[in-house]
Amino acid sequence: MSAYFSPVKSISIWALGSAPAVLLVVSLIALDNVGGERFRIADVAPGYVCDGAAPRVCLAEGTTRPLKPLAKGLAEQAGMLSQLGIQVPDTFYQEVPGVPAKLDAGLFIFTVDEVNASDISADRIASFLAMPAACPAYFSPTTPPVKALRAQGLIAMGLFERSSASSTFAQVAPGSGSADPVQGWVTSNAWNEWAKATYPKLKSCDLDSIDLPF
């Protein structure tokens with residue numbers, strides 16, 4: 001059986017608010033309605049090569065160059081969530097065009113450059129971890145679930161600011177007077193409590209019930 005799909009793209013949006021500037025990173029999964037690419041649903045599931053544990057990282061065969069650094073980085077940032085008592089997916093799979101995503105696993109959507117890279121940046125790892133389920137709403141041809149996408153951005157921002165790749169967390173005490181109110185919030189205990197309530201909703205695709213702090 002064949003089906004028609006528009007290619008799925010991963011887009012990063014940097015949204016600036018009014019002064020003082022509020023910088024949000026929002027991971028948007030959008031359907032590109034331009035073009036007439038045709039994908040055939042695979043009769044046989046693609047082969048994956050996996051590494052790591054809690055969570056396990058699985059990339060499609062032939063695109064495994066970033067596998068080990070991705071598994072290492074994901075484990076580090078997932079550990080931050082685990083310390084808060086937040087359960088992350090057991091496995092994250094790479095998105096393969098034409099193959100239905102696994103609803104009970106996290107999803108990687110790589111750019112072409114990322115597939116060929118030998119490393120993955122910490123901010124991208126954070127954005128991957130902020131998508132703990134391939135919810136059907138993300139791939140709807142209608143309006144994307146903006147509230148859920150904003151929540152993903154705040155989860156990712158909090159994870160990145162706490163990661164070893166960020167110097168901000170070492171310089172700004174959690175919840176202290178950062179010039180950027182969002183940056184101050186994502187390094188505070190308030191973010192911890194919000195993340196504990198919000199991540200399970202992203203994981204279970206209960207997107208309509210997500211509450212945003214701003």
Practice item. Work out which heavy atom in Y48 is nearest to a heavy atom in A60; give both atom names and the distance. Key: CD2-N, 3.7 Å

Practice item. Could you go through the side-chain contact (heavy atoms from CB on, under 4.5 Å) check for L81 and L159 one step at a time? Key: CA-CA 8 Å; L81 294 177; L159 289 170; 3.9 Å; yes

Review point. Do the side-chain N and O atoms of Y199 and Q152 include a donor-acceptor pair separated by under 3.5 angstrom?
Key: no

Check your understanding: Any chain of hydrophobic side-chain contacts (each under 4.5 Å) joining V112 to L67?
Key -> no

Point to revise | 4.5 Å side-chain heavy-atom contact, Q87 and P200 | key: no

Point to revise | Straight-line distance of Q94 CD to E61 CD, nearest 0.5 Å | key: 11.0 Å

Practice item. Flag yes if V49 and I120 sit in one hydrophobic cluster, no otherwise; membership is Ile, Leu, Val, Met, Phe, Trp, Tyr, and two members link when side-chain heavy atoms are under 4.5 Å apart. Key: yes

Review point. Distance from M131 atom CE to L149 atom CG, nearest 0.5 Å?
Key: 8.5 Å

Review point. For the residue pair A137 and P145, what are the closest heavy atoms and their distance?
Key: O-CD, 3.5 Å

Exercise for review: Would you please say whether a donor-acceptor pair under 3.5 Å links the side chains of R124 and S127?
Suggested key: yes

Point to revise | Close side-chain approach of S163 to E161, heavy-atom, < 4.5 Å | key: no

Practice item. Kindly compute the distance separating CE (M157) from CD (Q183), expressed to the nearest 0.5 Å. Key: 5.5 Å

**Study point:** Same cluster (ILVMFWY, side-chain, under 4.5 Å), L84 and L154
**Key:** yes

Review point. Taking all non-hydrogen atoms of both residues, which atom of P89 and which atom of P55 are closest, and how far apart?
Key: O-CB, 3.2 Å

Review point. Out of F110, F92, F160, which residue meets the ring pair (Phe, Tyr, Trp, His ring centres under 6.0 Å) rule with F128?
Key: F110

Review point. Do D123 and S121 have side-chain atoms, one donor and one acceptor, less than 3.5 Å apart?
Key: yes

Practice item. Could you check if a side-chain atom of L202 sits within less than 4.5 angstrom of a side-chain atom of P132, using non-hydrogen atoms only? Key: yes

Practice item. Mind listing the closest non-hydrogen atom pair of P69 and S118 along with its distance? Key: CG-O, 3.3 Å

Point to revise | Gap between atom CG of L103 and atom SG of C135 - 0.5 Å precision | key: 8.0 Å

Point to revise | Polar side-chain atom of Q77 near backbone of L74 as donor-acceptor pair, under 3.5 Å | key: no

Review point. Side-chain contact, heavy-atom cut-off 4.5 Å: R150 with F214?
Key: yes

Point to revise | Heavy-atom pair with the smallest gap, counting every atom of A156 and A126 | key: O-CB, 3.4 Å

Point to revise | Atom NZ of K201 with >12 non-hydrogen neighbours under 6.0 angstrom | key: yes

Point to revise | Point-to-point distance, once rounded to the nearest 0.5 Å, from SG of C205 to CG of D104 | key: 10.5 Å

Point to revise | Stepwise side-chain contact (heavy atoms from CB on, under 4.5 Å) test for K147 and L207 | key: CA-CA 8 Å; K147 188 164 61 171; L207 307 182; over 6 Å; no

Review point. Does CG in D206 sit with more than 12 non-hydrogen atoms of other residues, nucleotides or ligands closer than 6.0 Å?
Key: yes

Practice item. Evaluate the criterion side-chain contact (heavy atoms from CB on, under 4.5 Å) for residue pair W194 and N189; output intermediate values, then yes/no. Key: CA-CA 9 Å; W194 175 82; N189 286 331; over 6 Å; no

Practice item. Group every Ile, Leu, Val, Met, Phe, Trp and Tyr by side-chain heavy-atom contacts under 4.5 Å, then state whether L212 and Y138 land in the same group. Key: yes

Check your understanding: Which of these passes side chain to side chain contact (heavy atoms under 4.5 Å, CB included) with T64: V115, L59, V57?
Key -> L59

**Study point:** Closest non-hydrogen atom pair, V88 against K203
**Key:** C-CE, 3.8 Å

Check your understanding: So, do D211 and T198 sit near enough that their side-chain heavy atoms are less than 4.5 Å apart?
Key -> no

**Study point:** Donor-acceptor contact below 3.5 Å, side chain T187 vs main chain G184
**Key:** yes

Exercise for review: Show your working on side-chain contact (heavy atoms from CB on, under 4.5 Å) between F108 and I125 and close with a plain yes or no.
Suggested key: CA-CA 9 Å; F108 301 121; I125 289 174; over 6 Å; no

